[in-house]
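Report on the following structure.
Bear in mind that the values here come from a model prediction, so they are computed numbers and not experimental data. Computation of the quantities below employed the complete heavy-atom set of this structure, encompassing side-chain atoms and omitting hydrogens, waters and symmetry-equivalent molecules. Order of the sequence lines fixes the chain letters, A, B, ..., with proteins taken first and strands second; residue numbering starts at 1 for each chain.
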There are 2 protein chains.
Amino acid sequence: MRVDGRPGQVTGSDDTSDEAWEIPLVALAVDLAVLTVRDGALQVMLVERGIEPYRGMLALPGGFLADTTEDVDRAAARELAEETGLDAAGLHLEQLRTYGEPGRDPRGRVVTVCYVAFVPGLAAPTAGGDARAAAWTPVDAVLRPRAELAFDHKRILADAVERARSKLEYTTLAATFCAPEFTVTELRQVYETVWGQELDARNFHRKVTGVADFLVPTGTRTSGQGGRPAALYRRGPAHLLHPAMLRPPGPKPPAASRTS
Amino acid sequence: MRVDGRPGQVTGSDDTSDEAWEIPLVALAVDLAVLTVRDGALQVMLVERGIEPYRGMLALPGGFLADTTEDVDRAAARELAEETGLDAAGLHLEQLRTYGEPGRDPRGRVVTVCYVAFVPGLAAPTAGGDARAAAWTPVDAVLRPRAELAFDHKRILADAVERARSKLEYTTLAATFCAPEFTVTELRQVYETVWGQELDARNFHRKVTGVADFLVPTGTRTSGQGGRPAALYRRGPAHLLHPAMLRPPGPKPPAASRTS
DNA sequence: TCAAAAGTGTTTAACATACACCCATGA
DNA sequence: TCATGGGTGTATGTTAAACACTTTTGA
């Protein structure tokens, strides 16, 4: 086995034979499901495709590695910045899954490493940067039976939404959907929106303020929208939620797919 | 943008310019963390590398895609069969994560899609098939500070073990470590081994037999090893465990890494 | 003084933990 | 009849769910 002069090119022999053969190469892409909560709905950042295939259709932002030496996680952060104008530093970006079915891209073999990002509702309402047209879209509209996205992005989005729903249960990530300072009610609305069910405001308040290091009081209060002013909080250092916040059983939220 | 005659080869232009450029290609590998519980220890299937780099070192079984049209999940199942002699049908095989750091393989750019498999302790004690030497090894020994595996496989294994530990909490996957028919005590030993802590046998029994569709009684009982015979069960149709089986707090199990 | 939103207290049920105790087998 | 492991019962604490009630603002 040897390395070519060209970076990233590998040829070699199998583990069990010395017969040299060309190691198959594939095009590697990253795609991003950037989620937020806006206007009482869970929304996803979509771009309109400017080129074939699927020209004119909506798709998740993403793209190929810049070159054969680019780190995959860095490529995700770069595409996020380029296509949506958001800075990956400071927001939550985690790997979701890799989708590698042979037929998923009509151009040839493209394997995509997908990521989920959670961003505050205020963030860059629409992108600057390279993208043709980047816009927030309610996920409910996109996951509807007859709605379609480019490639297998609808399925990816469904997986991302399910990931978000379950992460709210046992982590403090709900707060990453909020502005730097937020009220308990705003945090509760994130849960209600993502899960698609109402929660008891009183029990929620007690529970969430009882978890150590989840919420840090700022000492200030809201004012001016009728009703008693609410205390403002900042995100605390905790990442895991203990005890966990379980989704109430009952009527399921609209659409989603099952992941293993 | 166009497709070459060669399968899997893609060239094209960026979304925002019509300047054609060569899409960078990478070698795509799959690696498997095949876990089992044997002799009171969580064990992982390792192979000895027969070729450079890392010749002679232990590594996770895995390899490159067979060709540019092979499905990634299928490649994982194929490598499992080839290198360990296990049949992917019927056992649990799920994607773990994709590792794509540029420097992770000295031969050049290799991105690996990793999987975790849970297999019963009885399964194929050592591999037939292609592998030079496939053997079960206790994960504790491998994750010890000074122990090393080829490539970044130690880190991958640590992630896989943490995945296994947390999956036992809220799914019925512990039963996939057991033979087709098993006792409640055998199931409990799986939990104790993977988590590295003892559980109260009596409470465990009540809890696990109380979860709907987790265990299906066969009507038969064990006999012959002193003490009251235990009832035998088969895996039921349930996949999620409700209520969840939470890891008791306290002394942490040896080694592991944190995943987001 | 009333509506609206924030926040507390109280009750009840579900579930976890600890452990006493009984059951069924082999030696 | 004793040792061994399987399995049930019961007391006690913790957390969740439901909801009555108090607090603090704007109109």
Side-chain angles (χ1 to χ4, degrees), chain A residues 40 168-170 172 174 178 181-193 195 197-212 214-233 238 240-251, chain B residues 40 168-170 174 178 181-193 195 197-212 214-234 238 240-251:
Chain A
L168 292 205
E169 291 197 320
Y170 57 94
T172 61
C178 295
E181 298 200 351
F182 55 92
T183 65
V184 171
T185 296
E186 285 163 359
L187 184 64
R188 175 169 48 82
Q189 285 164 348
V190 167
Y191 275 90
E192 292 178 334
T193 302
W195 285 350
Q197 358 197 327
E198 304 224 317
L199 301 175
D200 185 288
R202 290 128 343 157
N203 291 334
F204 182 89
H205 186 282
R206 195 196 345 261
K207 177 156 192 171
V208 102
T209 53
V211 174
F214 186 9
L215 302 181
V216 180
T218 62
T220 53
R221 324 194 128 256
T222 56
S223 67
Q225 58 256 339
R228 174 174 171 176
L232 283 167
Y233 296 88
L240 263 51
L241 209 49
H242 190 79
M245 179 87 89
L246 298 172
R247 266 179 279 190
Chain B
L168 292 204
E169 291 197 320
Y170 58 93
C178 295
E181 299 199 349
F182 55 93
T183 65
V184 170
T185 296
E186 285 163 359
L187 184 66
R188 175 169 48 82
Q189 285 164 348
V190 167
Y191 275 91
E192 292 178 336
T193 301
W195 285 351
Q197 0 196 326
E198 305 225 317
L199 302 174
D200 185 289
R202 288 123 351 154
N203 291 333
F204 182 88
H205 186 282
R206 197 197 341 263
K207 177 155 191 172
V208 102
T209 52
V211 174
F214 186 8
L215 301 182
V216 180
T218 62
T220 54
R221 320 192 133 259
T222 56
S223 67
Q225 57 256 339
R228 174 174 171 176
L232 285 166
Y233 296 88
R234 254 189 274 275
L240 264 50
L241 208 49
H242 190 79
M245 179 86 90
L246 298 173
R247 266 180 281 191

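- OP1 or OP2 of C/dC15 has not a single side-chain nitrogen or oxygen of B/K207 nearer than 4.0 Å.
- If you check every strand for non-hydrogen atoms under 4.0 Å, A/A231 touches sugar and phosphate atoms only.
- As a whole-Å value, the separation of A/D200 CG from C/dG9 P is 16 Å.
- Across the protein-nucleic acid pair, A/F182 atom CZ and C/dA6 atom P stand 14 Å apart, rounded to whole Å.
- Side-chain atoms of B/R228 come within donor-acceptor range of the base of D/dG6, with a qualifying N/O pair under 3.5 Å.
- Nearest-nucleotide mapping onto DNA chain C: of B/P229 and B/R202, the residue sitting toward the 5' end is B/R202.
- Distances shorter than 4.0 Å separate none of the side-chain N or O atoms of A/T209 from OP1 or OP2 on C/dG7.
- Atom CZ in A/R188 sits roughly 11 Å away from atom C1' in C/dG7 (whole-Å rounding).
- Between B/L240 atom CG and B/F214 atom CZ the span is 11.5 Å, to the nearest 0.5 Å.
- In terms of phosphate contacts, A/H205 brings no side-chain nitrogen or oxygen within less than 4.0 Å of OP1 or OP2 of C/dA6.
- Residue B/T185 is classed as a sugar-phosphate contact, given heavy-atom separations below 4.0 Å to backbone atoms only.
- Heavy-atom distances to DNA chain C give each of B/L246 and B/R221 a nearest nucleotide, and the one nearer the 5′ end belongs to B/L246.
- Here the C1' atom of nucleotide C/dA5 and the CD atom of A/Q189 are 11 Å apart, to the nearest Å.
- Residues A/Y191 and A/L199 share a closest heavy-atom pair of CB-CD1, 3.7 Å.
- For A/P243, the listed nucleotide lying nearest its side chain is D/dA16; candidates were C/dA16, D/dA16, D/dG7.
- For the pair B/F204 CZ and C/dA18 C1', the interatomic distance rounds to 17 Å; values are reported in whole Å.
- Taking atom CD of residue A/E186 and atom P of nucleotide C/dG7, one finds them 11 Å apart after rounding to whole Å.
- Counting only heavy atoms from C-beta outward, the side chains of A/E186 and A/V190 never approach each other to under 4.5 Å.
- Not counting sequence neighbours, B/Y170 has no partner by the ring pair (Phe, Tyr, Trp, His ring centres under 6.0 Å) test.
- When rounded to the nearest whole Å, the span between CG of B/L187 and P of D/dG7 equals 12 Å.
- On a pure distance criterion of 3.5 Å, a polar donor-acceptor pair joins the side chain of A/R206 and the base of C/dG9.
- In this structure, A/L241 atom CG and D/dT15 atom P are separated by 13 Å, rounded to whole Å.
- Judged by distance alone, the side chains of A/T220 and A/T218 do bring a donor and an acceptor atom under 3.5 Å apart.
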